[in-house]
2 protein chains.
Amino acid sequence: MNAMNSLTNEELGSTAQRERRRRILAATIELASQGGFDAVQMRAVSERADVALGTLYRYFPSKIHLLVSALQVQFELSAAAMEGKEIPGETAADRVLFILNRNTKMMQRDPNLTEALTRAFMFADATVSTEIHAVGMMLTGVLNRAIDPAAGAIPTDDQVAVARVIGDVWLALLVGWVTGRTSTEEVSRNLSVAIHLLLR
Amino acid sequence: MNAMNSLTNEELGSTAQRERRRRILAATIELASQGGFDAVQMRAVSERADVALGTLYRYFPSKIHLLVSALQVQFELSAAAMEGKEIPGETAADRVLFILNRNTKMMQRDPNLTEALTRAFMFADATVSTEIHAVGMMLTGVLNRAIDPAAGAIPTDDQVAVARVIGDVWLALLVGWVTGRTSTEEVSRNLSVAIHLLLR
DNA sequence: TCCATAATAGGAACACGTTTCAATTTGGGT
DNA sequence: ACCCAAATTGAAACGTGTTCCTATTATGGA
(Lines give C-alpha, C1' and ligand atoms only; values in the text may rest on other atoms or scores of the structure.)
Protein backbone atom coordinates (compact mmCIF):
# COMPACT_ATOMS: atom_id res chain seq x y z
CA MET A 1 0.00 0.00 0.00
CA ASN A 2 0.89 3.64 -0.17
CA ALA A 3 3.11 2.97 -3.13
CA MET A 4 2.26 6.40 -4.49
CA ASN A 5 3.23 8.68 -1.61
CA SER A 6 6.46 9.78 -0.12
CA LEU A 7 7.10 8.37 3.32
CA THR A 8 6.64 11.09 5.89
CA ASN A 9 8.78 11.47 8.93
CA GLU A 10 5.93 10.32 11.12
CA GLU A 11 5.31 7.14 9.16
CA LEU A 12 8.85 5.96 9.70
CA GLY A 13 9.14 3.73 12.72
CA SER A 14 12.77 3.51 13.65
CA THR A 15 15.34 6.16 14.36
CA ALA A 16 17.54 4.66 11.66
CA GLN A 17 14.76 5.16 9.13
CA ARG A 18 14.14 8.76 10.08
CA GLU A 19 17.86 9.29 9.84
CA ARG A 20 17.89 7.76 6.33
CA ARG A 21 15.07 10.04 5.28
CA ARG A 22 16.94 13.03 6.65
CA ARG A 23 20.11 12.08 4.79
CA ILE A 24 18.21 11.62 1.55
CA LEU A 25 16.60 15.04 1.75
CA ALA A 26 19.89 16.66 2.78
CA ALA A 27 21.65 15.07 -0.18
CA THR A 28 18.85 16.23 -2.47
CA ILE A 29 19.15 19.81 -1.32
CA GLU A 30 22.94 19.77 -1.59
CA LEU A 31 22.90 18.43 -5.12
CA ALA A 32 20.11 20.78 -6.18
CA SER A 33 21.99 23.67 -4.68
CA GLN A 34 25.12 22.79 -6.62
CA GLY A 35 23.70 21.98 -10.03
CA GLY A 36 19.95 22.46 -10.11
CA PHE A 37 17.30 20.05 -11.33
CA ASP A 38 19.59 18.08 -13.65
CA ALA A 39 22.17 17.53 -10.92
CA VAL A 40 19.64 15.84 -8.69
CA GLN A 41 20.21 12.41 -10.17
CA MET A 42 18.68 9.52 -8.33
CA ARG A 43 21.90 7.50 -8.33
CA ALA A 44 23.83 10.49 -7.05
CA VAL A 45 21.32 11.13 -4.30
CA SER A 46 21.37 7.51 -3.21
CA GLU A 47 25.15 7.44 -3.12
CA ARG A 48 25.50 10.69 -1.22
CA ALA A 49 22.83 9.66 1.24
CA ASP A 50 24.53 6.29 1.59
CA VAL A 51 21.40 4.41 0.71
CA ALA A 52 20.64 1.89 -2.02
CA LEU A 53 18.79 3.12 -5.09
CA GLY A 54 15.89 0.80 -4.34
CA THR A 55 15.63 2.21 -0.84
CA LEU A 56 15.54 5.74 -2.18
CA TYR A 57 12.61 4.73 -4.35
CA ARG A 58 10.89 3.14 -1.39
CA TYR A 59 11.08 6.41 0.48
CA PHE A 60 10.22 8.66 -2.45
CA PRO A 61 8.45 7.07 -5.43
CA SER A 62 9.91 9.47 -7.99
CA LYS A 63 12.37 12.29 -8.47
CA ILE A 64 9.45 14.70 -8.45
CA HIS A 65 8.15 13.39 -5.13
CA LEU A 66 11.63 13.72 -3.75
CA LEU A 67 12.06 17.31 -4.85
CA VAL A 68 8.60 18.42 -3.79
CA SER A 69 9.28 16.90 -0.38
CA ALA A 70 12.50 18.90 -0.27
CA LEU A 71 10.49 22.00 -1.15
CA GLN A 72 8.20 21.21 1.75
CA VAL A 73 11.21 21.06 4.07
CA GLN A 74 12.41 24.45 2.84
CA PHE A 75 8.98 25.99 3.31
CA GLU A 76 8.78 24.62 6.83
CA LEU A 77 12.13 26.17 7.64
CA SER A 78 11.04 29.47 6.19
CA ALA A 79 7.70 29.42 8.00
CA ALA A 80 9.37 28.51 11.28
CA ALA A 81 11.71 31.49 10.91
CA MET A 82 8.72 33.83 10.56
CA GLU A 83 6.72 32.26 13.37
CA GLY A 84 5.82 34.59 16.18
CA LYS A 85 7.46 37.54 14.46
CA GLU A 86 5.35 40.43 13.34
CA ILE A 87 5.35 41.05 9.60
CA PRO A 88 6.62 44.59 8.98
CA GLY A 89 4.57 47.01 6.89
CA GLU A 90 1.75 49.48 7.35
CA THR A 91 -0.64 48.25 4.71
CA ALA A 92 -1.62 44.78 3.57
CA ALA A 93 0.16 45.45 0.28
CA ASP A 94 3.39 46.34 2.09
CA ARG A 95 3.27 43.23 4.23
CA VAL A 96 2.53 40.88 1.33
CA LEU A 97 5.27 42.48 -0.68
CA PHE A 98 7.62 42.05 2.27
CA ILE A 99 6.89 38.34 2.48
CA LEU A 100 7.23 37.69 -1.22
CA ASN A 101 10.34 39.80 -1.63
CA ARG A 102 11.85 37.93 1.27
CA ASN A 103 11.23 34.69 -0.58
CA THR A 104 12.48 36.15 -3.82
CA LYS A 105 15.71 37.13 -2.11
CA MET A 106 16.10 33.64 -0.74
CA MET A 107 15.65 32.29 -4.22
CA GLN A 108 18.26 34.60 -5.64
CA ARG A 109 20.69 33.49 -2.99
CA ASP A 110 20.41 29.90 -4.21
CA PRO A 111 19.23 29.97 -7.80
CA ASN A 112 20.06 26.35 -8.52
CA LEU A 113 18.06 25.10 -5.59
CA THR A 114 15.17 27.34 -6.57
CA GLU A 115 15.28 26.10 -10.12
CA ALA A 116 15.24 22.48 -9.03
CA LEU A 117 12.39 22.87 -6.56
CA THR A 118 10.27 25.06 -8.80
CA ARG A 119 10.66 22.81 -11.81
CA ALA A 120 9.60 19.85 -9.71
CA PHE A 121 6.60 21.73 -8.37
CA MET A 122 5.47 22.68 -11.83
CA PHE A 123 5.92 19.21 -13.19
CA ALA A 124 4.21 17.47 -10.31
CA ASP A 125 1.06 15.66 -11.31
CA ALA A 126 -1.89 14.41 -9.27
CA THR A 127 0.15 11.59 -7.68
CA VAL A 128 2.04 14.24 -5.74
CA SER A 129 -1.10 15.98 -4.52
CA THR A 130 -0.47 15.26 -0.85
CA GLU A 131 2.92 16.94 -0.88
CA ILE A 132 1.72 19.78 -3.12
CA HIS A 133 -1.25 20.48 -0.92
CA ALA A 134 0.95 20.88 2.14
CA VAL A 135 3.10 23.43 0.31
CA GLY A 136 0.10 25.35 -1.02
CA MET A 137 -1.46 25.57 2.43
CA MET A 138 1.69 27.02 3.90
CA LEU A 139 1.93 29.68 1.20
CA THR A 140 -1.69 30.86 1.39
CA GLY A 141 -1.47 30.71 5.18
CA VAL A 142 1.42 33.14 5.35
CA LEU A 143 -0.17 35.39 2.71
CA ASN A 144 -3.39 35.56 4.66
CA ARG A 145 -1.48 36.43 7.77
CA ALA A 146 0.23 39.24 5.88
CA ILE A 147 -3.07 40.58 4.57
CA ASP A 148 -4.69 40.49 8.01
CA PRO A 149 -2.14 40.09 10.80
CA ALA A 150 -4.67 40.17 13.66
CA ALA A 151 -4.12 37.10 15.81
CA GLY A 152 -6.65 34.42 14.95
CA ALA A 153 -8.25 36.55 12.24
CA ILE A 154 -10.57 34.65 9.93
CA PRO A 155 -9.88 35.88 6.39
CA THR A 156 -12.88 37.05 4.38
CA ASP A 157 -13.72 35.40 1.07
CA ASP A 158 -12.32 38.41 -0.68
CA GLN A 159 -9.03 38.17 1.19
CA VAL A 160 -8.74 34.49 0.39
CA ALA A 161 -9.37 35.23 -3.27
CA VAL A 162 -6.75 37.96 -3.32
CA ALA A 163 -4.23 35.73 -1.60
CA ARG A 164 -4.82 33.00 -4.13
CA VAL A 165 -4.44 35.33 -7.08
CA ILE A 166 -1.23 36.71 -5.63
CA GLY A 167 0.06 33.20 -5.13
CA ASP A 168 -0.77 32.42 -8.75
CA VAL A 169 1.06 35.48 -10.00
CA TRP A 170 4.04 34.62 -7.88
CA LEU A 171 4.11 31.10 -9.27
CA ALA A 172 3.95 32.34 -12.84
CA LEU A 173 6.75 34.84 -12.21
CA LEU A 174 8.80 32.11 -10.58
CA VAL A 175 8.43 29.98 -13.66
CA GLY A 176 9.56 32.81 -15.84
CA TRP A 177 12.53 33.37 -13.61
CA VAL A 178 13.78 29.79 -13.28
CA THR A 179 13.42 29.25 -17.00
CA GLY A 180 15.54 32.30 -17.64
CA ARG A 181 12.81 34.34 -19.28
CA THR A 182 12.45 36.96 -16.56
CA SER A 183 15.07 38.88 -14.61
CA THR A 184 14.87 39.30 -10.84
CA GLU A 185 14.14 42.99 -11.34
CA GLU A 186 11.17 42.16 -13.51
CA VAL A 187 9.95 39.65 -10.94
CA SER A 188 10.05 42.24 -8.17
CA ARG A 189 8.50 44.94 -10.32
CA ASN A 190 5.70 42.79 -11.71
CA LEU A 191 4.98 41.42 -8.27
CA SER A 192 4.70 44.91 -6.88
CA VAL A 193 2.41 46.01 -9.69
CA ALA A 194 0.18 42.98 -9.26
CA ILE A 195 -0.09 43.43 -5.52
CA HIS A 196 -1.00 47.09 -5.83
CA LEU A 197 -3.62 46.25 -8.43
CA LEU A 198 -5.12 43.65 -6.12
CA LEU A 199 -4.83 45.34 -2.74
CA ARG A 200 -6.15 48.82 -3.31
CA MET B 1 24.46 27.92 -36.80
CA ASN B 2 21.01 28.18 -35.30
CA ALA B 3 21.49 24.85 -33.61
CA MET B 4 19.35 26.04 -30.73
CA ASN B 5 16.16 27.12 -32.47
CA SER B 6 13.35 25.31 -34.12
CA LEU B 7 13.27 25.75 -37.88
CA THR B 8 10.41 28.03 -38.80
CA ASN B 9 8.27 27.56 -41.83
CA GLU B 10 9.89 30.56 -43.50
CA GLU B 11 13.41 29.29 -42.99
CA LEU B 12 12.68 26.12 -44.89
CA GLY B 13 13.54 26.43 -48.54
CA SER B 14 11.87 23.63 -50.38
CA THR B 15 8.28 22.52 -50.48
CA ALA B 16 9.37 19.06 -49.37
CA GLN B 17 10.90 20.57 -46.25
CA ARG B 18 7.86 22.61 -45.39
CA GLU B 19 5.83 19.47 -45.91
CA ARG B 20 8.12 17.52 -43.52
CA ARG B 21 7.73 20.21 -40.91
CA ARG B 22 3.98 20.12 -41.32
CA ARG B 23 3.92 16.32 -40.94
CA ILE B 24 6.08 16.49 -37.83
CA LEU B 25 3.84 19.02 -36.12
CA ALA B 26 0.73 17.13 -37.18
CA ALA B 27 2.14 13.90 -35.76
CA THR B 28 3.05 15.71 -32.56
CA ILE B 29 -0.46 17.05 -32.09
CA GLU B 30 -2.02 13.68 -32.87
CA LEU B 31 0.14 11.85 -30.38
CA ALA B 32 -0.31 14.52 -27.74
CA SER B 33 -4.03 14.44 -28.27
CA GLN B 34 -4.12 10.69 -27.78
CA GLY B 35 -1.82 10.25 -24.82
CA GLY B 36 -0.53 13.58 -23.57
CA PHE B 37 3.04 14.59 -22.86
CA ASP B 38 4.34 11.07 -22.28
CA ALA B 39 2.90 9.80 -25.53
CA VAL B 40 4.83 12.36 -27.54
CA GLN B 41 7.92 10.20 -27.87
CA MET B 42 10.51 11.37 -30.30
CA ARG B 43 10.80 7.98 -32.01
CA ALA B 44 7.03 7.78 -32.33
CA VAL B 45 6.82 11.28 -33.79
CA SER B 46 9.54 10.55 -36.30
CA GLU B 47 7.90 7.31 -37.38
CA ARG B 48 4.44 8.80 -37.73
CA ALA B 49 5.79 11.80 -39.62
CA ASP B 50 7.80 9.41 -41.80
CA VAL B 51 11.03 11.18 -41.04
CA ALA B 52 14.30 9.94 -39.57
CA LEU B 53 14.96 10.63 -35.91
CA GLY B 54 17.99 12.73 -36.80
CA THR B 55 15.88 14.84 -39.14
CA LEU B 56 13.33 15.43 -36.44
CA TYR B 57 16.12 16.73 -34.24
CA ARG B 58 17.38 18.94 -37.03
CA TYR B 59 13.97 20.56 -37.30
CA PHE B 60 13.31 20.78 -33.56
CA PRO B 61 16.29 20.57 -31.23
CA SER B 62 14.36 19.00 -28.36
CA LYS B 63 11.02 17.57 -27.36
CA ILE B 64 10.27 20.83 -25.59
CA HIS B 65 11.01 22.91 -28.67
CA LEU B 66 8.77 20.61 -30.63
CA LEU B 67 5.85 20.89 -28.25
CA VAL B 68 6.16 24.64 -27.80
CA SER B 69 6.16 24.99 -31.58
CA ALA B 70 3.00 22.90 -31.66
CA LEU B 71 1.53 25.23 -29.06
CA GLN B 72 2.39 28.13 -31.31
CA VAL B 73 0.51 26.46 -34.16
CA GLN B 74 -2.54 26.00 -31.97
CA PHE B 75 -2.43 29.62 -30.84
CA GLU B 76 -2.18 30.80 -34.42
CA LEU B 77 -5.21 28.74 -35.34
CA SER B 78 -7.13 30.14 -32.41
CA ALA B 79 -6.07 33.72 -33.15
CA ALA B 80 -6.97 33.35 -36.81
CA ALA B 81 -10.44 32.16 -35.85
CA MET B 82 -10.97 35.32 -33.81
CA GLU B 83 -9.51 37.66 -36.38
CA GLY B 84 -11.84 40.35 -37.61
CA LYS B 85 -14.60 39.20 -35.29
CA GLU B 86 -15.77 41.47 -32.55
CA ILE B 87 -15.24 40.13 -29.05
CA PRO B 88 -18.62 39.90 -27.34
CA GLY B 89 -19.17 41.55 -23.98
CA GLU B 90 -20.14 44.92 -22.61
CA THR B 91 -17.26 45.48 -20.21
CA ALA B 92 -13.56 44.72 -20.44
CA ALA B 93 -14.02 42.07 -17.77
CA ASP B 94 -16.74 40.35 -19.79
CA ARG B 95 -14.66 40.35 -22.94
CA VAL B 96 -11.53 39.03 -21.22
CA LEU B 97 -13.56 36.37 -19.53
CA PHE B 98 -15.09 35.44 -22.87
CA ILE B 99 -11.66 34.97 -24.42
CA LEU B 100 -10.25 32.95 -21.59
CA ASN B 101 -13.32 30.81 -21.14
CA ARG B 102 -13.23 30.10 -24.83
CA ASN B 103 -9.68 28.83 -24.44
CA THR B 104 -10.59 26.90 -21.33
CA LYS B 105 -13.36 25.15 -23.24
CA MET B 106 -10.94 24.25 -26.00
CA MET B 107 -8.62 22.78 -23.42
CA GLN B 108 -11.37 20.70 -21.89
CA ARG B 109 -12.24 19.35 -25.29
CA ASP B 110 -8.73 17.94 -25.64
CA PRO B 111 -7.25 17.50 -22.19
CA ASN B 112 -4.34 15.35 -23.31
CA LEU B 113 -3.22 17.89 -25.86
CA THR B 114 -3.54 20.65 -23.31
CA GLU B 115 -1.55 18.71 -20.78
CA ALA B 116 1.24 18.06 -23.26
CA LEU B 117 1.48 21.64 -24.48
CA THR B 118 1.22 23.20 -21.05
CA ARG B 119 3.81 20.91 -19.52
CA ALA B 120 6.19 21.77 -22.32
CA PHE B 121 5.57 25.48 -21.88
CA MET B 122 6.30 25.28 -18.18
CA PHE B 123 9.41 23.27 -18.64
CA ALA B 124 10.80 25.40 -21.43
CA ASP B 125 14.05 27.10 -20.51
CA ALA B 126 15.86 30.07 -22.02
CA THR B 127 16.86 28.10 -25.15
CA VAL B 128 13.20 28.13 -26.17
CA SER B 129 12.80 31.87 -25.66
CA THR B 130 12.08 32.62 -29.32
CA GLU B 131 9.14 30.24 -29.46
CA ILE B 132 7.93 31.24 -25.99
CA HIS B 133 8.05 34.89 -26.87
CA ALA B 134 5.87 34.38 -29.91
CA VAL B 135 3.27 32.61 -27.81
CA GLY B 136 3.36 35.25 -25.07
CA MET B 137 2.92 38.06 -27.59
CA MET B 138 -0.14 36.42 -29.06
CA LEU B 139 -1.74 35.96 -25.66
CA THR B 140 -1.16 39.50 -24.40
CA GLY B 141 -2.18 40.82 -27.80
CA VAL B 142 -5.57 39.20 -27.66
CA LEU B 143 -6.03 40.18 -24.02
CA ASN B 144 -5.25 43.78 -24.79
CA ARG B 145 -7.73 43.72 -27.63
CA ALA B 146 -10.35 42.38 -25.24
CA ILE B 147 -9.61 45.08 -22.69
CA ASP B 148 -9.75 47.85 -25.27
CA PRO B 149 -11.33 46.71 -28.53
CA ALA B 150 -11.06 50.07 -30.31
CA ALA B 151 -9.27 49.50 -33.60
CA GLY B 152 -5.61 50.43 -33.34
CA ALA B 153 -5.92 51.34 -29.67
CA ILE B 154 -2.60 51.74 -27.89
CA PRO B 155 -2.95 50.08 -24.48
CA THR B 156 -2.00 52.15 -21.45
CA ASP B 157 0.70 50.97 -19.06
CA ASP B 158 -1.99 50.03 -16.63
CA GLN B 159 -3.81 47.94 -19.21
CA VAL B 160 -0.62 46.16 -20.15
CA ALA B 161 0.05 45.41 -16.49
CA VAL B 162 -3.43 44.06 -16.00
CA ALA B 163 -3.17 41.91 -19.10
CA ARG B 164 0.10 40.47 -17.88
CA VAL B 165 -1.27 39.68 -14.45
CA ILE B 166 -4.28 38.00 -15.98
CA GLY B 167 -2.02 35.96 -18.21
CA ASP B 168 -0.01 34.91 -15.17
CA VAL B 169 -3.11 33.84 -13.30
CA TRP B 170 -4.33 31.90 -16.28
CA LEU B 171 -1.00 30.11 -16.54
CA ALA B 172 -1.02 29.19 -12.88
CA LEU B 173 -4.58 27.90 -13.12
CA LEU B 174 -3.65 25.92 -16.19
CA VAL B 175 -0.82 24.31 -14.30
CA GLY B 176 -3.16 23.37 -11.51
CA TRP B 177 -5.57 21.90 -13.99
CA VAL B 178 -3.16 19.82 -16.07
CA THR B 179 -1.53 18.44 -12.96
CA GLY B 180 -4.91 17.35 -11.69
CA ARG B 181 -5.00 19.69 -8.72
CA THR B 182 -7.80 21.96 -9.92
CA SER B 183 -11.14 21.15 -11.52
CA THR B 184 -12.41 22.99 -14.56
CA GLU B 185 -15.09 24.60 -12.42
CA GLU B 186 -12.45 25.99 -10.09
CA VAL B 187 -10.46 27.26 -13.06
CA SER B 188 -13.45 29.17 -14.42
CA ARG B 189 -14.45 30.46 -11.02
CA ASN B 190 -10.99 31.60 -9.97
CA LEU B 191 -10.43 33.17 -13.35
CA SER B 192 -13.62 35.12 -13.02
CA VAL B 193 -12.74 36.25 -9.51
CA ALA B 194 -9.27 37.35 -10.57
CA ILE B 195 -10.55 39.27 -13.56
CA HIS B 196 -13.13 41.11 -11.52
CA LEU B 197 -10.52 41.99 -8.93
CA LEU B 198 -8.27 43.37 -11.63
CA LEU B 199 -10.74 45.08 -13.93
CA ARG B 200 -12.93 47.10 -11.64
C1' DT C 1 18.04 -16.51 22.12
C1' DC C 2 15.89 -17.83 17.84
C1' DC C 3 12.72 -17.23 14.09
C1' DA C 4 9.73 -14.89 10.77
C1' DT C 5 9.12 -10.88 8.41
C1' DA C 6 10.24 -6.58 6.65
C1' DA C 7 13.81 -3.53 5.12
C1' DT C 8 17.99 -2.75 2.72
C1' DA C 9 21.90 -3.52 -0.45
C1' DG C 10 23.71 -4.29 -4.80
C1' DG C 11 23.25 -4.47 -9.34
C1' DA C 12 21.18 -5.77 -13.80
C1' DA C 13 17.85 -4.34 -17.06
C1' DC C 14 14.54 -1.38 -19.47
C1' DA C 15 12.52 3.10 -21.55
C1' DC C 16 13.01 7.23 -23.72
C1' DG C 17 15.47 11.73 -24.80
C1' DT C 18 19.48 12.80 -27.09
C1' DT C 19 23.87 12.36 -29.80
C1' DT C 20 26.61 10.59 -33.36
C1' DC C 21 28.00 8.77 -37.75
C1' DA C 22 28.51 6.48 -42.18
C1' DA C 23 25.91 5.75 -46.25
C1' DT C 24 22.54 7.46 -49.37
C1' DT C 25 19.55 10.79 -51.55
C1' DT C 26 18.24 15.34 -53.08
C1' DG C 27 18.67 19.81 -55.27
C1' DG C 28 20.84 23.65 -57.39
C1' DG C 29 24.53 25.56 -60.29
C1' DT C 30 27.36 24.67 -64.45
C1' DA D 1 23.49 15.55 -67.83
C1' DC D 2 26.89 16.04 -64.09
C1' DC D 3 28.84 17.35 -59.73
C1' DC D 4 29.18 19.15 -55.13
C1' DA D 5 27.20 20.44 -50.88
C1' DA D 6 23.54 19.93 -47.98
C1' DA D 7 19.86 17.11 -46.28
C1' DT D 8 18.12 12.77 -45.01
C1' DT D 9 18.24 8.02 -43.60
C1' DG D 10 19.01 4.13 -40.55
C1' DA D 11 20.96 2.46 -36.79
C1' DA D 12 23.92 2.25 -32.90
C1' DA D 13 25.07 4.11 -28.50
C1' DC D 14 24.83 6.88 -24.20
C1' DG D 15 22.66 9.02 -19.88
C1' DT D 16 19.37 9.08 -16.50
C1' DG D 17 14.75 7.88 -14.36
C1' DT D 18 12.58 3.76 -13.13
C1' DT D 19 11.76 -1.20 -12.28
C1' DC D 20 13.00 -5.75 -10.76
C1' DC D 21 15.28 -9.41 -8.46
C1' DT D 22 18.16 -11.97 -5.19
C1' DA D 23 21.10 -12.04 -1.25
C1' DT D 24 21.93 -9.98 3.09
C1' DT D 25 20.79 -7.52 7.29
C1' DA D 26 17.67 -5.48 11.00
C1' DT D 27 13.81 -5.84 13.91
C1' DG D 28 10.45 -7.35 16.99
C1' DG D 29 7.74 -11.21 19.03
C1' DA D 30 7.80 -16.15 20.99
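Only heavy atoms go into these numbers, but all of them, side chains included; no hydrogens, no water, no symmetry mates. Below, chain A is the first sequence line, B the second, and so on; all start at residue 1.
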- Calculate, to the nearest 0.5 Å, the distance between atoms OG1 and CG belonging to B:T28 and B:L71 respectively. 12.0 Å
- Item | Spacing between A:L7 atom CG and C:dA6 atom P, to the nearest angstrom | 15 Å
- What's the CD-P distance between A:E19 and D:dA26, to the nearest Å? 15 Å
- Which residue lies toward the 5' end of DNA chain C, A:T55 or B:S62, if each is placed at its nearest nucleotide? A:T55
- Out of D:dT19, D:dT8, C:dT8, which nucleotide sits closest to the side chain of A:Y57? D:dT19
- Query: Strictly by modelled atom types, are B:T130 and B:H133 linked by a side-chain donor-acceptor pair under 3.5 Å?
  - Reply: no
- Item | Euclidean distance, atom CZ of residue A:F60 to atom C1' of C:dT8 [Å, nearest integer] | 16 Å
- Task: Would you mind telling me which of C:dG17, C:dT8, D:dA7 lies closest to the side-chain atoms of B:R20?
- Result: D:dA7
- Task: Find which nucleotide of DNA chain C each of A:L56 and A:R43 is nearest to by heavy atoms, and output the residue with the more 5' nucleotide.
- Result: A:L56
- Query: Does a salt bridge link B:R189 with B:E186, judged by any charged N lying under 4.0 Å from a carboxylate O?
  - Reply: no
- By nearest nucleotide on DNA chain D, pick out whichever of B:A52 and A:D38 is the more 5' one. B:A52
- Here the distance between atom C1' of D:dG17 and atom CD of B:Q41, to the nearest Å, is 14 Å
- Would a 4.5 Å heavy-atom cut-off, applied to side chains only, mark B:M106 and B:Q74 as touching? no
- Indicate, with yes or no, if the rings of B:F123 and A:F37 have centres closer together than 6.0 Å. yes
- Task: Show your reasoning for whether salt bridge (Lys or Arg N to Asp or Glu O under 4.0 Å) applies to B:E115 and B:R119.
- Result: CA-CA 6 Å; B:E115 185 251 7; B:R119 278 228 146 96; 2.5 Å; yes
- Query: If you check every side-chain atom of A:K63, which of D:dT18, D:dT9, D:dT16 has the closest atom?
  - Reply: D:dT18
- Message: Students often get this wrong, so: under 4.0 angstrom with heavy atoms, is B:V40 touching a base, only sugar-phosphate, or nothing?
- Response: sugar-phosphate
- Message: Checking contacts here: which listed nucleotide (D:dT8, C:dA12, C:dT8) is nearest the side-chain heavy atoms of B:Y59?
- Response: D:dT8
- Apply side chain to side chain contact (heavy atoms under 4.5 Å, CB included) to B:M138 and B:S78, showing your working. CA-CA 10 Å; B:M138 257 183 291; B:S78 168; over 6 Å; no
- Interatomic distance where CZ belongs to A:F37 and C1' belongs to D:dT16 [whole Å]: 11 Å
- Please determine, for the side chain of B:A16, which listed nucleotide (C:dG10, C:dA7, C:dG27) has the closest atom? C:dG27
- Given atom CG of B:L53 and atom P of C:dT19, what is their separation to the nearest angstrom? 10 Å
- Message: Less than 3.5 Å apart, any donor N or O on the side chain of A:D158 or A:T156 sitting next to an acceptor on the other?
- Response: no
- Task: Could you identify which residues of residues 116-127 of chain A place a heavy atom less than 4.0 Å from some atom of DNA chain C, listed by residue number, or say none?
- Result: none
- Task: Please state how far atom CG in B:D50 lies from atom P in D:dT9, giving the value in whole angstrom units.
- Result: 7 Å
- Could you work out which one of C:dG10, D:dG17, D:dA7 sits closest to the side chain of B:R58? D:dA7
- Task: Starting from C1' on D:dT9, measure out to CD on B:E47 and report it in whole angstrom.
- Result: 13 Å
- Just to confirm, is there a sub-4.0 Å distance from OP1 or OP2 of C:dG27 to any side-chain nitrogen or oxygen of B:Q17? no
- Item | Residue B:M42, side-chain atoms from C-beta onward, closest of C:dG17, D:dT18, D:dT8 | C:dG17
